[in-house]
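Inspection log for the structure reproduced underneath, given as structure tokens.
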Amino acid sequence: MSSVRPLKPALQAIAIKELNEVPSRVLQDIEALRDWVLKQPHLQACTEDQFLLAFLRGTKFSMERAKEKFDRFYSLQASIPEVFNERRLATDPQVLDIIRMGILLRLPLDADDPGPCVTIIRAGSYDTGKYKFQDIIRVGSMFGEIMMFEDDAATVSGYVEIMDMTGVTGSHLFALQPQLLSKFSTYADEAMPTRQKGIHFINVPAAFEKGFNSLKSFFPAKIKSRISVSSDPEAVFQIVRREYLPHEYGGTAGSMKDISQAMEEKLSSYAPYFRASQNFGAQEKLRELGDRVQSDHRTAFGAVGSFRKLEID
């Protein structure tokens, strides 16, 4: 039985118009992508319906692009071992500490809101002597995968990241690791199926505003235009509606502690997935065999599979 959720009307309209989604063909498309994944000897991967659907939506239902992004999702993880490692578990004490401290806040949006999902990263709220920035990114990556499973707004409309620089010190700036930001941004752009709609640095000390703008050079070209830097304390209200923000940000959506508790409960429910994902990945030694098999089945998912005939009522 399919585990695919029906979209809310507003999101369904966006998916049809912007993502080339044809509701009557969704299950067929998922099955085609799953069939390809299972034939790849180099891939050990999740093949659940909702997970595969995220890749189809993230590539506007181009089967060839979905295959490429799915492959890169697992192969590029190997290039960032400081993030994708044995600590990437829902039960890891460090992961739980980071959530409980409210360093990452996934804002709960209205169920009928078709806009992108929003995450606040409180970059100055952790002890750099205890945690590295890669530890924060690791937890963020875990919730990035959770939203692939269950956040329809994220898979259809994308997501926004807000980097709150309140309380940032010189040690925090050093901990940002521009090279790691660059590598992970490339991974987010080329491998994650959810679309990044913006990275907004807020509460940046005015004296450092120009310096933060220089960070753009570390991001892929496509992402540079989506980055904003502001020292204006009111800037956050231009990015996300006040009713979605916790009290600490001048909003009405409960406290940061409430959000953190909900995030911990959500992560706990995905403990089996993250245990299984420790065995997921791409084995490059087996890729050549997969390429030969792929060439023998070119008619199944070749150039014709890259496009879909438009269905017009």
Side-chain angles (χ1 to χ4, degrees), residues 80 82-83 88 94-109 116-128 130-147 151 154 158-169 171-189 192 194-205 208-209 212-213 215-216 218-219 223 226-233 235-240 244-246 248-251 253 255-264 266-267:
I80 321 178
E82 60 266 54
V83 172
R88 205 165 174 269
Q94 185 186 77
V95 169
L96 294 174
D97 281 348
I98 289 171
I99 294 173
R100 291 165 183 168
M101 290 174 64
I103 299 172
L104 293 167
L105 300 171
R106 295 295 304 277
L107 302 186
L109 307 187
C117 69
V118 181
T119 297
I120 296 177
I121 302 172
R122 300 169 61 236
S125 64
Y126 68 98
D127 182 351
T128 56
K130 186 175 182 180
Y131 305 111
K132 296 181 179 179
F133 192 60
Q134 63 201 43
D135 301 324
I136 312 305
I137 291 181
R138 181 181 307 114
V139 178
S141 74
M142 296 171 77
F143 280 93
E145 287 180 35
I146 290 174
M147 74 183 181
D151 194 329
Y159 66 98
V160 169
E161 292 178 320
I162 300 174
M163 298 284 290
D164 183 357
M165 308 310 290
T166 300
V168 164
T169 64
S171 62
H172 287 108
L173 294 178
F174 182 76
L176 281 177
Q177 299 171 268
Q179 290 80 8
L180 175 59
L181 277 174
S182 178
K183 284 198 299 183
F184 194 79
S185 291
T186 297
Y187 167 79
D189 182 44
M192 285 290 290
T194 44
R195 297 179 294 170
Q196 191 175 58
K197 292 298 186 70
I199 303 176
H200 304 282
F201 291 85
I202 64 169
N203 297 321
V204 174
F208 298 109
E209 196 164 348
F212 269 88
N213 272 300
L215 279 174
K216 293 181 182 180
F218 290 96
F219 291 87
I223 295 179
R226 303 172 188 164
I227 298 174
S228 71
V229 178
S230 178
S231 59
D232 182 357
V236 67
F237 302 121
Q238 300 171 17
I239 304 167
V240 58
Y244 292 153
L245 290 165
E248 292 86 345
Y249 280 86
S255 68
M256 292 194 300
K257 184 177 180 181
D258 294 333
I259 295 174
S260 296
Q261 288 178 338
M263 289 176 64
E264 183 175 348
K266 180 61 64 180
L267 182 64

Using a 4.5 Å cut-off on heavy atoms from C-beta on, say whether the side chain of Ile239 contacts that of Ile162.
yes
Nearest-0.5 Å distance that lies between atom OH in Tyr244 and atom CG in Leu107
10.0 Å
Between Ile99 and Val139, is there a side-chain heavy-atom distance shorter than 4.5 Å?
yes
Nearest heavy-atom pair of Pro233 and Val236: which atoms, and what distance?
O-CG1, 4.3 Å
Pairwise side-chain contact, Met147 with Tyr159, heavy-atom cut-off 4.5 Å (strictly under):
yes
To the closest 0.5 Å, what do you measure between CZ (Phe201) and CE (Met165)?
6.5 Å
Using the side-chain contact (heavy atoms from CB on, under 4.5 Å) rule, take Asp189 and Gln196 through it: C-alpha gap first, then chi angles, then the decisive distance, then the call.
CA-CA 7 Å; Asp189 182 44; Gln196 191 175 58; over 6 Å; no
Within-4.5 Å side-chain heavy-atom neighbours: Ile98 and Tyr131:
yes
Would you say the side-chain atoms of Ser255 and Asp258 include a donor-acceptor pair closer than 3.5 Å?
yes
Taking every heavy atom of Asp151 against every heavy atom of Cys117, the minimum-distance pair comes out as OD2-CB, 3.5 Å
Taking the side chain as every heavy atom from C-beta outward, state whether Tyr249 and Val240 have any pair of such atoms under 4.5 Å apart.
no
Regarding Glu248 and Arg122, does a basic nitrogen lie under 4.0 Å from an acidic carboxylate oxygen?
no
Pair Asp135 + Arg138, salt bridge at N-O below 4.0 Å
yes
Mind listing the closest non-hydrogen atom pair of Pro116 and Val160 along with its distance?
CG-CG2, 4.0 Å
CD1/Ile121 to CD1/Ile137 distance, rounded to the nearest 0.5 angstrom?
7.5 Å
Would you check, one step at a time, whether the test side-chain contact (heavy atoms from CB on, under 4.5 Å) holds for Ser260 with Leu105?
CA-CA 7 Å; Ser260 296; Leu105 300 171; 3.9 Å; yes
Between Lys197 and Glu161, does a salt bridge (charged side-chain N to carboxylate O under 4.0 Å, His left out) hold up when you go through it step by step?
CA-CA 8 Å; Lys197 292 298 186 70; Glu161 292 178 320; over 6 Å; no
How many angstroms lie between OG in Ser228 and CD in Gln238, if you round to the nearest 0.5 Å?
9.0 Å
Residues forming a ring-ring contact (aromatic ring centres under 6.0 Å, His included) with Phe133, sequence neighbours excluded
none
Do the non-hydrogen side-chain atoms of Ile146 and Lys266 ever get within less than 4.5 Å of each other?
yes
When every non-hydrogen atom of Ala235 is compared with those of Ile202, the smallest separation belongs to CB-CG2, 4.4 Å
Which residues pass the ring-ring contact (aromatic ring centres under 6.0 Å, His included) test with His200, sequence neighbours left out?
none
CE/Met101 to CE/Met256 distance, rounded to the nearest 0.5 angstrom?
10.5 Å
What I want to check is whether the side chains of Thr119 and Arg106 have a donor and an acceptor closer together than 3.5 Å.
yes
Under the criterion side-chain hydrogen bond (donor to acceptor under 3.5 Å, both in side chains), I'd like the reasoning laid out for Ser230 against Asp232: C-alpha separation, chi angles, the key distance, then a yes or no.
CA-CA 5 Å; Ser230 178; Asp232 182 357; 5.1 Å; no
Could you give the distance from CD1 (Ile259) to NZ (Lys257), rounded to the nearest 0.5 Å?
13.5 Å
Tyr187 and Ser141, any side-chain heavy atoms less than 4.5 Å apart
no
For residues Ile80 and Phe184, determine if any side-chain heavy atom of one lies less than 4.5 Å from a side-chain heavy atom of the other.
yes
Let me see the working for Leu267 and Val95 under side-chain contact (heavy atoms from CB on, under 4.5 Å), right down to the final yes or no.
CA-CA 10 Å; Leu267 182 64; Val95 169; 3.7 Å; yes
